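Data block below; observations after.
Residue numbers begin at 1 in each chain, while the letters A, B, ... track the order of the sequences. Remember, predicted model here, so these are calculated numbers, not experimental data. Every heavy atom of this structure was used, including side-chain atoms; hydrogens, water molecules and symmetry mates were not.
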2 protein chains.
Amino acid sequence: MRSNGTMDRRARDTARVTISDLSRALSLTKGTVSRALNGYPDISEATRNRVIRAAQAMGYRPLSQAQAIKTGRSCSLGLVVELSQYDAHRPFLAEFLAGLTQAASAEGWTLTIATSESETDTIRIMRDLVRDRKADGFILQRVLWEDPRIAYLERENVPFICYGRPKNREKVSYFDVVSEAAMADAITWLARLGHVRIGYIGSAPDYAYSHARRDGYRAGLAAEGLTYDARLVVEGALSPDHAAQATRQLLALETPPTAILCATDTLARGVYEVANTLGLKIGSELSVVGYDGAPEGQAMWPRLATFAVDNRQAGARLGAMFIARMQDPEAPATQGVIRATFTPGGSTGRPTLTSDQLARHLANLAAVTA
Amino acid sequence: MRSNGTMDRRARDTARVTISDLSRALSLTKGTVSRALNGYPDISEATRNRVIRAAQAMGYRPLSQAQAIKTGRSCSLGLVVELSQYDAHRPFLAEFLAGLTQAASAEGWTLTIATSESETDTIRIMRDLVRDRKADGFILQRVLWEDPRIAYLERENVPFICYGRPKNREKVSYFDVVSEAAMADAITWLARLGHVRIGYIGSAPDYAYSHARRDGYRAGLAAEGLTYDARLVVEGALSPDHAAQATRQLLALETPPTAILCATDTLARGVYEVANTLGLKIGSELSVVGYDGAPEGQAMWPRLATFAVDNRQAGARLGAMFIARMQDPEAPATQGVIRATFTPGGSTGRPTLTSDQLARHLANLAAVTA
DNA sequence: AGCATTGCCGAAACCGGTTTCGGAGACGCA
DNA sequence: TGCGTCTCCGAAACCGGTTTCGGCAATGCT
């Protein structure tokens with residue numbers, strides 16, 4: 001048994017070709033081979049090529065842990081996902097990880113992932129990870145408008161990159177989906193259908209994306225020549241329940257919205273819930289638009305019109321940007337964006353009732369229920 | 001700039017206390033300290049305690065990468081998630097990772113995660129990960145009934161543990177949720193409501209869980225004294241579209257089911273879709289039960305009755321089991337299970353129509369539509 | 001008292017790399 | 001021919017640990 005184990009280890013070890021094997025085969029010293037492979041200028045091109053060729057032929061790959069103890073870099077990017085009460089289920093993670101790991105493994109990097117329960121927990125975990133050299137830096141997702149993680153990492157001089165655009169974004173590297181454009185597009189879409197009063201349910205202003213989406217909503221109204229009415233806006237919703245309450249509030253207005261734009265698909269669930277219990281027909285008597293392209297939107301009936309986010313591409317871009325940044329720390333902050341793509345659904349349509357008619361209809365429905 | 005970077009590195013390095021620091025403070029050699037901490041028998045209890053106490057006081061934590069190059073163990077467990085066409089969105093991942101990383105970090109381990117696009121890709125990635133010592137072993141999720149990953153890892157003698165129970169499970173370590181019990185419970189629940197003809201839509205038999213759920217369905221029928229009718233069973237569904245087709249097939253029977261049990265929540269989406277387009281009232285004219293407790297079930301209307309799976313606990317248990325196994329490789333395979341918890345929803349109710357009445361009703365609806 | 005054990009620790013090699021330093025040889029130039 | 005310079009590589013220290021080996025002192029035993 002025991003001997004079996006050791007035999008296996010030995011078998012695996014002999015399978016691995018070390019820098020000593022390589023140097024022996026080339027009749028060079030370890031040091032020379034190392035410098036040749038790492039691009040030191042004091043190696044002639046001839047021997048450098050000879051070394052590289054031999055390394056390739058023998059299948060040599062440096063053991064990153066051995067490098068790490070001298071260089072301090074472990075070639076692994078860290079991701080600490082914070083499990084808050086509301087967005088733990090967000091399924092974007094799988095696709096995002098796919099992109100990240102793909103970009104990482106393309107460069108020979110790996111992804112070290114950890115989870116935390118709170119903000120302070122996150123920072124503690126990040127500290128431990130860099131201290132133990134388990135991560136050279138971090139990808140920050142769900143960035144806050146004023147993110148303590150950014151403050152911490154900047155102070156400690158640990159490399160990082162954001163998925164999202166925080167408040168003071170000039171010096172930080174980020175990648176993001178421009179959801180403000182999506183929100184504006186949604187307004188255009190709804191306005192062309194004939195909607196005049198369009199409500200908005202936004203999420204917590206702590207998050208960076210909340211700002212972008214709210215701004216997009218206002219920009220869209222302006223572009224379509226619709227007047228902004230503060231009563232049509234409810235912000236700070238995080239769960240379907242919050243959104244349901246917001247929906248009831250919006251529908252209780254004397255001139256209620258005929259369409260509601262939600263900052264996330266999850267919030268749209270609350271709108272559906274209220275509409276379904278009231279007996280309001282979604283897609284005609286009330287139009288709804290979400291954002292995220294989450295599978296829950298596909299589970300709704302009628303299917304939720306929303307904006308699909310390519311989280312995989314985001315992950316891939318973020319990973320590539322991060323690694324490039326680690327390669328050349330002198331380079332300035334890199335920034336990039338993509339757009340979300342609209343995916344229509346049965347949840348929008350021409351308004352069959354005007355705002356006034358809708359108010360009366362709601363009164364009737366309430367009377368029937370009572 | 002450059003000097004800035006090096007200064008930071010030095011600052012971080014001095015912050016880290018090495019085994020040499022510790023040995024110097026104790027007036028012992030590195031070797032003695034190392035053996036003391038690693039439980040070698042040739043160290044007196046007195047000095048061992050002295051060392052441990054000092055280590056704690058000085059905040060010494062061995063650098064895992066340095067250990068790894070000698071021991072071969074990197075104290076990181078690998079997870080390769082395979083992004084198949086259908087279950088990529090499954091949101092279980094976040095909770096599962098939470099459990100895994102929690103268990104890992106409790107023991108000072110980390111989680112290295114990678115993604116792959118196919119089965120052969122997965123095995124290639126696993127091979128690279130152990131070769132480069134980025135993972136000491138693997139957690140296998142979504143295990144297949146006959147899983148090539150298991151065959152590979154057993155052959156290569158790489159430690160692993162399964163989330164799920166494959167075909168030949170005697171010698172493998174696993175943890176699983178006993179979905180067969182849930183399926184049987186679902187039958188009981190439906191039978192008590194008055195359902196006699198209960199359909200079943202199962203997923204691809206490749207997956208290990210498909211077997212458990214199908215068996216549970218049959219066991220439930222037997223327990224309730226209901227006869228098994230092969231025509232009420234459709235298997236091999238992977239997407240809502242497949243499930244929709246299966247639903248149409250079941251409803252076209254001369255004596256259609258008044259309730260449909262689905263192997264997953266995702267499949268239930270297909271049932272809803274057909275019912276909604278036909279105008280069939282879910283929860284009265286047709287009852288539906290799912291499995292997984294996915295958020296999409298909460299987005300459906302009426303809310304899907306399903307079985308919630310505690311993926312976090314599963315992750316935590318799997319992580320702990322794996323690490324324990326690595327600590328003592330001689331130990332026999334460990335195995336454990338938990339049960340899913342039923343979460344009622346509006347999708348089930350007493351059948352307002354018998355099977356025959358439902359068939360006539362469906363004929364009417366079809367006539368109206370045509 | 002003499003001798004073989006045993007317990008406990010130091011010394012040193014080792015793991016797989018990186019990095020510094022110094023020197024041999026080729027070369028240019030007077 | 002002599003000398004300085006430059007190119008390129010070897011030698012060796014180092015990183016932070018682990019593990020083997022050997023020896024000294026204290027014990028047990030006759």
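Of the candidates C:dG16, C:dT18, D:dT20, C:dG16 carries the atom nearest the A:Ile69 side chain, counting heavy atoms from C-beta on. Distances from the side chain of A:Ser34 to the nucleotides C:dT19, D:dG16, D:dG10 place C:dT19 closest. Checking D:dT19, D:dT18, C:dT18 against every side-chain atom of B:Lys30, the shortest atom distance belongs to D:dT18. In the set C:dC8, D:dG10, D:dT18, the nucleotide with an atom closest to the side chain of B:Asp42 is C:dC8. Side chain of B:Thr47, nearest nucleotide from C:dT18, C:dC9, D:dC9: C:dC9.
The distance between atom CG of A:Leu28 and atom C1' of D:dA11, rounded to the nearest whole Å, is 14 Å. Regarding A:Leu37, its CG atom lies at a distance of 10 Å from the P atom of C:dG17, rounded to whole Å. A:Arg50 has its CZ atom 11 Å from the C1' atom of D:dC9, to the nearest Å. Rounded to a whole Å, the CG atom of B:Asn38 is 15 Å from the C1' atom of D:dT20. In this structure, the CD1 atom of A:Ile19 is 13 Å from the C1' atom of C:dC15, given to the nearest Å. When the P atom of C:dG16 is taken as reference, atom CZ of A:Arg24 falls 10 Å away, rounded to whole Å. Between the CD1 atom of B:Ile43 and the P atom of C:dT6 there is a distance of 18 Å, rounded to whole Å. Rounding to whole angstrom units, CG of residue A:Asp21 and C1' of C:dG17 are separated by 13 Å.
Looking at A:Leu97 and A:Ile113, their side chains come closer than 4.5 Å, going by heavy atoms from C-beta outward. Side-chain contact check for A:Arg312 versus B:Leu83: some heavy-atom pair is nearer than 4.5 Å. Two residues are said to be in side-chain contact when any heavy atoms from C-beta on lie closer than 4.5 Å; A:Arg16 and A:Leu63 meet this criterion. Side-chain contact between B:Val158 and B:Phe138 is present, with at least one heavy-atom pair separated by less than 4.5 Å. Proximity of A:Phe160 to A:Glu154: side-chain heavy atoms (C-beta onward) are separated by under 4.5 Å at one or more points.
If you check distances only, the side chain of B:Arg16 never reaches the base of D:dG16 with a donor-acceptor pair under 3.5 Å. In terms of polar N and O atoms assigned as donor or acceptor, the side chain of A:Lys70 never comes within less than 3.5 Å of the base of C:dG17 in a complementary pairing. Not a single donor-acceptor contact under 3.5 angstrom links the side-chain atoms of B:Arg35 to the base of D:dG17. Counting distance only, with no hydrogens placed and no angle test, the side-chain atoms of A:Arg73 and the base atoms of C:dT18 include no donor-acceptor pair under 3.5 Å.
Looking at heavy-atom distances under 4.0 Å, B:Ser44 makes contact with sugar-phosphate atoms alone, never a base. Residue-level contact check: A:Ser27 touches the backbone only, with heavy atoms under 4.0 Å from sugar-phosphate atoms and none from bases.
Mapping A:Glu45 and B:Ser20 onto DNA chain D by nearest heavy atom places A:Glu45 closer to the 5' end of the strand. Residue whose closest nucleotide on DNA chain C sits further toward the 5' end, between B:Pro41 and A:Thr32: B:Pro41.
OP1 or OP2 of C:dG17 has not a single side-chain nitrogen or oxygen of A:Gln67 nearer than 4.0 Å. The shortest distance between the side-chain N/O atoms of A:Tyr40 and the OP1/OP2 oxygens of D:dC8 is not below 4.0 Å.
With B:Glu82 contributing its side chain and B:Gln141 its backbone, the two residues share no donor-acceptor pair below 3.5 Å.
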